[in-house]
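To find a chain, count down the sequence lines: A is the first, B the second, and so on, and within it residues start at 1. Computed over heavy atoms, backbone and side chain alike; hydrogens, waters and symmetry mates excluded.
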2 protein chains.
Amino acid sequence: MRLTQHTDYGLRLLMYVALKNGQRCTIREAAESFAISRNHLMKIANLLQHHGVLNATRGKGGGLQLAKPANTLRLGDLVQTLEPDMALAECLGENNQCVVTSQCLLIGVLSDALHEFLRTLNQYTLEDICVPKQSELRSLLQIELVTAE
Amino acid sequence: MRLTQHTDYGLRLLMYVALKNGQRCTIREAAESFAISRNHLMKIANLLQHHGVLNATRGKGGGLQLAKPANTLRLGDLVQTLEPDMALAECLGENNQCVVTSQCLLIGVLSDALHEFLRTLNQYTLEDICVPKQSELRSLLQIELVTAE
DNA sequence: AAATAAGATGCATATAATATACATCTTATT
DNA sequence: AATAAGATGTATATTATATGCATCTTATTT
């Protein structure tokens with residue numbers, strides 16, 4: 001049972017953007033900081049854009065920003081947005097062929113567990129996983145905030 | 001986020017064996033009832049054998065039985081036994097390369113959610129998902145118990 | 001002993017999901 | 001016009017998973 005790297009990278013990107021404290025950041029710079037594929041991050045950024053989590057602006061001086069305050073972005077919701085398929089087993093997805101489906105009690109149990117998983121994640125926001133360690137994280141990611149003059 | 005079919009099939013096999021009420025069953029018959037790959041089920045049965053969940057006996061008249069009472073087999077434990085990899089993300093597995101690991105607060109959050117997932121599953125046993133609907137399930141699986149004379 | 005019926009095991013292959021790369025396009029700024 | 005950013009579609013690579021095949025071992029029955 002794994003989340004896709006897609007989801008993992010998506011969360012990292014959001015942490016990166018959040019740590020920029022409202023200053024725009026480019027996908028390239030985030031990809032380089034995490035040493036991960038820029039092309040891959042591009043599609044993730046795009047998906048998050050379409051889901052209203054990120055604002056992306058093209059062109060020179062463009063880049064990414066959070067579309068909402070970090071303390072309103074709940075991790076369970078973000079995982080659901082990023083993850084392409086949350087059907088834990090055949091019986092919870094499409095094209096279910098299992099012969100016992102109509103009477104199966106496992107289905108409810110799995111739904112229940114998945115629900116608890118997401119509920120637990122939703123107890124945390126993007127802010128919760130960034131702010132308490134923001135200076136340490138910025139240092140690891142080599143993020144330097146431009147101070148206003 | 002999906003469990004492997006391996007895990008799914010493993011749980012189905014255990015339900016099948018449990019519904020046989022202590023009577024031996026062959027892997028072939030379970031595979032045919034669920035219309036799934038016999039070879040695949042073979043390996044799953046073998047794994048469950050090695051983990052002390054199933055008893056398997058070879059030779060004519062052989063087959064599978066539960067190694068423990070169904071009400072002692074908790075679903076969370078079974079999923080952990082069957083699933084090859086429970087590392088939700090790179091940071092929770094081996095070969096983690098993520099640069100923020102040392103300070104990352106997401107790791108704890110993910111562990112927490114995984115823990116709640118398994119805790120929820122462990123509130124149910126194999127008995128819980130078989131007994132309440134046993135006659136309906138036997139009928140769907142074409143299991144006919146041999147009555148003692 | 002031979003035949004048969006079961007599981008055990010190792011290897012090979014197929015499939016599908018995921019990740020990555022590449023090329024080109026669009027948008028915005030300078 | 002040049003440049004710097006994201007957007008998008010297609011192709012390819014990689015990996016995990018599932019499946020199939022062949023052979024071996026064990027146990028029972030005849």
Side-chain angles (χ1 to χ4, degrees), chain A residues 1-10 12-13 16-17 20 23-32 34-51 53-65 67 82-90 93-95 97, chain B residues 1-10 12-13 16-17 20 23-32 34-51 53-65 67 82-90 93-95 97:
Chain A
M1 189 174 80
R2 282 193 97 120
L3 298 170
T4 58
Q5 222 169 71
H6 188 90
T7 298
D8 183 1
Y9 286 6
R12 295 192 206 182
L13 177 63
Y16 192 93
V17 176
K20 293 285 284 195
Q23 288 176 19
R24 275 191 200 293
C25 77
T26 65
I27 292 171
R28 179 186 297 271
E29 105 187 57
E32 283 172 1
F34 277 108
I36 59 183
S37 157
R38 179 169 159 263
N39 285 291
H40 202 186
L41 257 200
M42 200 83 105
K43 302 206 172 158
I44 296 166
N46 197 229
L47 180 141
L48 289 169
Q49 230 271 82
H50 285 295
H51 281 81
V53 176
L54 286 177
N55 276 332
T57 50
R58 303 182 186 190
K60 207 164 183 173
L64 308 172
Q65 286 177 311
L82 288 161
E83 195 66 11
D85 179 8
M86 291 296 286
L88 271 179
E90 185 182 328
E94 296 174 1
N95 299 111
Q97 310 266 293
Chain B
M1 190 174 78
R2 282 193 97 120
L3 298 170
T4 58
Q5 223 169 68
H6 188 90
T7 299
D8 183 1
Y9 286 4
R12 294 193 207 183
L13 177 63
Y16 192 94
V17 176
K20 291 286 283 195
Q23 290 176 20
R24 277 190 197 295
C25 78
T26 65
I27 292 170
R28 179 187 297 272
E29 106 187 56
E32 284 172 1
F34 275 109
I36 60 183
S37 156
R38 180 169 158 264
N39 285 291
H40 202 187
L41 256 201
M42 200 83 104
K43 305 204 174 161
I44 296 165
N46 197 229
L47 180 141
L48 289 169
Q49 233 268 81
H50 284 295
H51 280 81
V53 176
L54 285 178
N55 276 331
T57 50
R58 302 183 186 189
K60 205 163 185 175
L64 308 171
Q65 285 177 312
L82 287 161
E83 197 66 11
D85 179 8
M86 290 295 287
L88 271 179
E90 185 182 328
E94 296 173 1
N95 300 111
Q97 310 265 293

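A salt bridge links B/R12 with A/E90: the closest approach of a Lys/Arg side-chain nitrogen to an acidic carboxylate oxygen falls below 4.0 angstrom. A/E83 and B/R2 are not joined by a salt bridge, as no carboxylate oxygen comes within less than 4.0 angstrom of a charged side-chain nitrogen.
In this structure, B/G63 reaches the sugar-phosphate backbone alone: every heavy-atom distance under 4.0 Å involves primed, P, OP1 or OP2 atoms, never a base.
The CG-C1' distance, from A/L3 to D/dA16, rounds to 16 Å in whole Å. Computed from coordinates, the A/M1 CE to D/dT17 P distance equals 13 Å when rounded to whole Å. Atom-to-atom, CD1 of B/I36 to P of D/dA18 comes out at 11 Å; the value is rounded to the nearest Å. The separation between B/D85 atom CG and D/dT17 atom P is 7 Å, rounded to whole Å. If you take NZ of B/K43 and C1' of D/dT19, they are 8 Å apart, rounded to a whole angstrom. Here D/dT29 presents its P atom at 18 Å from CZ of B/R58, a figure rounded to the nearest Å. Protein atom CG of B/N46 is 16 Å distant from nucleotide atom C1' of D/dA18, rounded to whole Å. Counting to the nearest Å, the P atom of D/dA13 and the NE2 atom of A/H40 are 17 Å from each other.
Side-chain contact between B/L41 and B/L13 is present, with heavy atoms from C-beta onward closer than 4.5 Å.
The nucleotide range of DNA chain C contacted by chain B, defined by atoms under 4.0 angstrom from heavy atoms of the protein and reported 5' to 3', is C/dA5 to C/dC11.
Proximity note for B/K60 (side chain, C-beta onward) versus D/dT28, D/dA7, D/dA18: the nearest is D/dT28.
When both pairing distances are held under 3.5 Å, C/dA28 makes a Watson-Crick or G-U pair with D/dT3.
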Run the side-chain donor-acceptor check on residues 42-51 of chain B: report pairs under 3.5 Å with partners two or more places apart or on a different chain.
| unit_1 | atom_1 | unit_2 | atom_2 | d |
| --- | --- | --- | --- | --- |
| B/H51 | ND1 | B/L47 | O | 3.0 |

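The closest donor-acceptor contact from the side chain of A/E29 to the backbone of A/T26 lies under 3.5 Å.
In this structure, OH on B/Y16 lies 10.5 Å from CG on B/L64, to the nearest 0.5 angstrom.
Between A/Y9 and A/H40, the ring planes are perpendicular. Angles over 60° get that label, and only those under 30° would be called parallel.
Each of B/H6 and A/T57 has a nearest nucleotide on DNA chain D; the 5'-most of these lies closest to A/T57.
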